[in-house]
Amino acid sequence: MEIRFYNSLTNQLEAFQPIEQGQVKMYSCGPTVYDFAHIGNFRTFLFGDLLRRFMEFAGYDVQHVSNITDVGHMTDDADEGEDKMEVAMSKLKAGKKSYQVPDGAIENPNDPYQIADFYTAAFIEDSKRLGYRIAFENPQQCLPKATDNIDGMLAMIRQLIDRGHAYVANDGVVYFSVESFPEYGKLSGNTLEQLQSGAGGRVTDENQSSKRHPADFMLWKPDTHHIMKWESEFGEGYPGWHIECSVMASKMLGSEVIDIHTGGEDLIFPHHECEIAQSRCASGESAFANYWIHARFLFVEGKKMSKSSGTFYTVRDVMEGNFKKGAETDELWGKKVDPAVIRFELIKSHYRDNLNFTAKGIEDSANQVRKLIEFRAKLEQQAGDEVVEVGLDHPVLQNFGKALANDLNISEAMAVVNKFLSAPIENPAESLAVFKQINAVLSVAPINEGMDPALLPESAGEDADLEAVLENLCKEMDAARAAKDWGTADGIRDKIREMGFEIRQTPEGTVIQKELA
RNA sequence: GGCGUCGUGGCCAAGUGGCUAAGGCAGCGGAUUGCAAAUCCGCCAUCGCCGGUUCGAAUCCGGCCGACGCCUCCA
């Protein structure tokens with residue numbers, strides 16, 4: 001199976017060729033932890049997850065690493081703007097965060113580490129709920145924190161200075177010299193001349209005076225007043241934004257050249273351009289990552305997510321049904337949405353298209369997920385204890401894999417899955433084995449299959465009492481229907497629906513299932 | 001202005017020169033049902049616009065229009 005991806009570095013589809021046979025070293029730019037993650041963040045993260053799961057499906061041994069950015073960087077390279085962490089603190093104190101923080105969850109809102117820890121934990125919880133596999137792995141290895149890797153950053157900075165790629169400017173700031181790296185701009189298609197003339201209006205002359213070239217970017221900033229600071233020979237201060245990814249990617253993946261690097265499309269420039277410059281200049285290698293794969297932004301009801309239009313949704317908002325029912329209304333969805341539905345909604349569009357998050361989409365996704373869940377239940381019931389092994393040469397898996405191998409064509413892959421769902425079941429045990437392999441990639445029916453329950457976030461409800469109550473209601477329903485007592489039967493149906501469950505009649509009697517959305 | 005991605009039915013979305021343009025959701029008709037739900041069967045598009053290449057184009061080329069992103073906060 002030839003696997004092809006669109007490589008942002010070359011702007012074309014390329015056949016994937018691992019550095020080491022059978023291995024994939026993959027890095028995904030992770031979240032900043034000054035607030036709860038929003039659905040746009042997770043669109044990108046889950047795209048990385050889908051990619052990773054597919055590579056495993058295809059037989060690769062995948063090492064996946066993502067960062068936790070817990071350093072409160074300034075908003076630009078100069079002293080302009082407020083530090084992110086300080087902004088988080090003041091918002092926290094004013095109760096203005098996008099989602100309420102429980103009382104006492106952060107003891108001291110003046111301690112940036114406590115804030116970062118709180119939101120890191122929230123991110124990991126969201127990740128687990130949405131089936132982001134990396135969150136279940138060893139966090140030291142797979143979800144490193146920037147603040148745990150300052151030494152490594154300083155080491156890389158020294159190396160860059162030694163090799164003539166970085167310098168200490170007269171204001172004491174350490175900058176990377178973009179002119180020392182001829183290929184700076186290759187990823188984004190920029191040239192130094194264009195960058196100079198463009199400048200986006202955000203760079204003022206006084207910021208630039210100490211740099212050798214206007215595009216030079218900060219590696220270390222001495223600043224004793226910064227809220228998070230570390231000792232170094234360059235003065236007590238803090239690292240630049242880009243250096244953490246260069247350092248953690250190669251350290252955690254154990255290689256100066258990695259296979260795949262993913263992130264949102266906005267990171268192409270400057271972040272990834274700068275990562276490439278730093279890493280390649282430090283390593284002397286001809287590449288940092290062989291494949292750069294970027295996901296497009298998510299929209300909400302056809303427009304860019306925005307706080308002013310009330311469409312800036314965190315993952316938690318969506319889970320709680322705290323999002324608008326449509327573009328023309330302020331009415332909220334109002335019901336909980338199952339994480340599997342959110343996951344599917346966020347992965348169902350091709351990564352190089354804008355994903356349009358809509359209430360309608362949630363409804364569609366819920367139907368699709370329900371179909372998958374019910375199909376699986378049917379297979380399990382029919383297969384009984386029989387277990388069959390299937391390989392990738394199974395026709396369904398072959399077509400499923402072929403679709404995803406083509407630049408992660410999830411739509412075509414779902415067409416394969418849906419045909420599989422509607423075809424007659426000849427061998428339930430075999431079909432179940434096929435389904436499990438598909439679900440290892442999609443991870444929606446169920447989500448987080450095979451994960452250690454101890455690692456899962458506490459799930460609400462699911463207690464034995466509730467199950468007993470529901471089972472009783474089913475029996476009462478069946479009895480009422482058998483007695484043709486339609487009034488009672490309808491009453492029971494209403495009650496079950498109010499409890500958040502779907503109800504349907506089957507030849508075997510009344511069956512209920514948790515409402516997905 | 002520079003560099004990119006994209007434009008297929010009501011919505012989401014395949015299609016990488018040639019059988020009747022995948023699949024999902026919604027809708028419509030029918031079967032089923034105490035009524036529903038679910039399920040099953042059937043129906044529902046000529047591909048942003050214009051021109052070109054070709055025996056033949058949604059698919060290739062050129063132009064135009066439109067959406068989106070980046071050009072030092074941003075997934």
side-chain hydrogen bond (donor to acceptor under 3.5 Å, both in side chains) between Asp70(A) and Tyr119(A), intermediate numbers included | CA-CA 9 Å; Asp70(A) 56 353; Tyr119(A) 287 112; over 6 Å; no

Between Phe181(A) and Tyr184(A), does a ring pair (Phe, Tyr, Trp, His ring centres under 6.0 Å) hold up when you go through it step by step?
-> CA-CA 6 Å; Phe181(A) 181 59; Tyr184(A) 188 82; 7.1 Å; no

Step-by-step ring pair (Phe, Tyr, Trp, His ring centres under 6.0 Å) determination, His272(A) to His294(A) = CA-CA 10 Å; His272(A) 289 163; His294(A) 294 97; 5.0 Å; yes

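With both ends at atom P, the span from rC50(B) to rU39(B) equals 41 Å, rounded to whole Å. For the C1' atoms, the distance linking rU16(B) with rA22(B) amounts to 15 Å, nearest Å. Rounded to a whole angstrom, the distance from the C1' atom of rG18(B) to that of rA38(B) is 41 Å. rA26(B) and rG9(B) have their C1' atoms separated by 12 Å, with the value rounded to a whole Å. For rG42(B) and rC25(B), the P atoms lie 15 Å apart once the distance is rounded to whole Å. rC19(B) and rC6(B) have their C1' atoms separated by 29 Å, given to the nearest Å. Nucleotides rC47(B) and rC41(B), compared at atom P, are 30 Å apart to the nearest Å. Here the separation of rG66(B) from rG17(B), taken at their P atoms, is 30 Å to the nearest Å.
Comment: Lys324(A) does not engage Glu331(A) in a salt bridge, judged by the lack of any side-chain N to carboxylate O separation of less than 4.0 angstrom. Classification of Glu374(A) and Lys371(A) as a salt-bridged pair fails, no side-chain N sitting under 4.0 Å from a carboxylate O. With respect to Glu301(A) and Lys303(A), no salt bridge is recorded, no charged nitrogen being found less than 4.0 Å from a carboxylate O. Taking 4.0 Å as the cut-off between side-chain N and carboxylate O, Asp490(A) and Arg493(A) count as a salt-bridged pair. For Glu183(A) and Lys186(A), the salt-bridge test passes: some basic side-chain N is under 4.0 Å from an acidic carboxylate O. Between Asp338(A) and Lys514(A) there is no salt bridge, since none of the side-chain N atoms of the basic residue sits less than 4.0 Å from a carboxylate O of the acidic one.
Rounded to whole Å, the distance from CG on Asp266(A) to P on rG4(B) is 18 Å. The distance between atom CZ of Phe344(A) and atom C1' of rG23(B), rounded to the nearest whole Å, is 10 Å. Between Phe400(A) atom CZ and rG23(B) atom P there is a gap of 18 Å when expressed in whole angstrom units. Between Glu273(A) atom CD and rC3(B) atom C1' the separation is 11 Å, expressed in whole Å. Between the NZ atom of Lys402(A) and the P atom of rG15(B) there is a distance of 12 Å, given to the nearest Å. Atom-to-atom, CG of Leu442(A) to C1' of rG24(B) comes out at 13 Å; the value is rounded to the nearest Å. The interatomic distance linking Glu265(A) (CD) with rA75(B) (P) rounds to 12 Å, in whole Å. Distance, Asp407(A) CG to rU5(B) C1': 12 Å, rounded to whole Å.
For rU32(B), there is no paired base (Watson-Crick or G-U wobble, both distances below 3.5 Å). In a base pair of the Watson-Crick type (N1 to N3 plus N6-O4 or O6-N4) or a G-U wobble (N1-O2 and O6-N3), with each distance short of 3.5 Å, rG7(B) is matched with rC65(B). Base pairing of rG27(B) is made with rC43(B), judged by Watson-Crick or G-U wobble geometry with both donor-acceptor distances under 3.5 Å. Base pairing annotation: rG18(B) forms a Watson-Crick or G-U wobble pair with rC55(B), both donor-acceptor distances under 3.5 Å.
Residue-level contact check: His38(A) touches the bases, meaning some heavy atom is under 4.0 Å from a base atom. Residue-level contact check: Ile268(A) touches neither bases nor backbone, having no heavy atom under 4.0 Å from any strand. Across all strands, Ile410(A) comes closer than 4.0 Å to no nucleic acid atom at all (heavy-atom distances). Using a 4.0 Å heavy-atom distance criterion, Gly361(A) is classed as making no nucleic acid contact. Heavy atoms of Phe42(A) sit nowhere under 4.0 angstrom from any nucleic acid atom. Heavy atoms of Lys484(A) sit nowhere under 4.0 angstrom from any nucleic acid atom.
Ring-base stacking between Phe297(A) and rG69(B) is not satisfied when judged by a centre separation under 5.5 Å and a plane angle under 30°.
Nearest to the side chain of Ala415(A), among rG23(B), rC71(B), rA75(B), sits rG23(B). Each of rA14(B), rC25(B), rC70(B) was ranked by its minimum atom distance to the side chain of Lys360(A); first place goes to rC25(B). With rC73(B), rC11(B), rG23(B) as the choices, the nucleotide that has an atom nearest any side-chain atom of Lys419(A) turns out to be rG23(B). Residue Thr44(A) places its side chain closer to rA75(B) than to any other of rA75(B), rG15(B), rC71(B). Closest to the side chain of Glu412(A), out of rG15(B), rC6(B), rA75(B), is rG15(B). You'll find that the side chain of Leu267(A) is closest to rA75(B), out of rC12(B), rC68(B), rA75(B). For Arg296(A), counting side-chain heavy atoms from C-beta on, the closest listed nucleotide (rA75(B), rG4(B), rA14(B)) is rG4(B).
RNA chain B is contacted by both Leu187(A) and Gly487(A); Leu187(A) maps to the nucleotide lying nearer its 5′ end (nearest heavy atom per residue). Taking the nucleotide of RNA chain B with the nearest heavy atom to each of Gly263(A) and Asn356(A), the more 5' of the two is matched to Asn356(A).
Heavy atoms from other residues, nucleotides or ligands lying under 6.0 Å from NZ of Lys378(A) number 12 at most. For CD of Glu426(A), the number of neighbouring non-hydrogen atoms (other residues, nucleotides, ligands) closer than 6.0 Å is 12 at most.
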If a protein heavy atom is under 4.0 Å from the base, mark B; if only from the sugar-phosphate, S; if neither, -; do that for nucleotides 35-43 of chain B going 5' to 3'.
-> BBBS-----

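The closest side-chain donor-acceptor pair between His38(A) and Asn41(A) falls under 3.5 angstrom.
Aromatic ring centres of Tyr6(A) and Tyr291(A) lie farther apart than the 6.0 Å criterion allows.
Sorted by residue number, the members of residues 6-16 of chain A with any non-hydrogen atom under 4.0 Å from RNA chain B read Tyr6(A), Asn11(A).
Close to rA67(B), at under 4.0 Å from its OP1 or OP2, lies no side-chain N or O of Lys304(A). For Asn406(A) and rA14(B), the shortest distance from a side-chain N or O to OP1 or OP2 is not below 4.0 Å.
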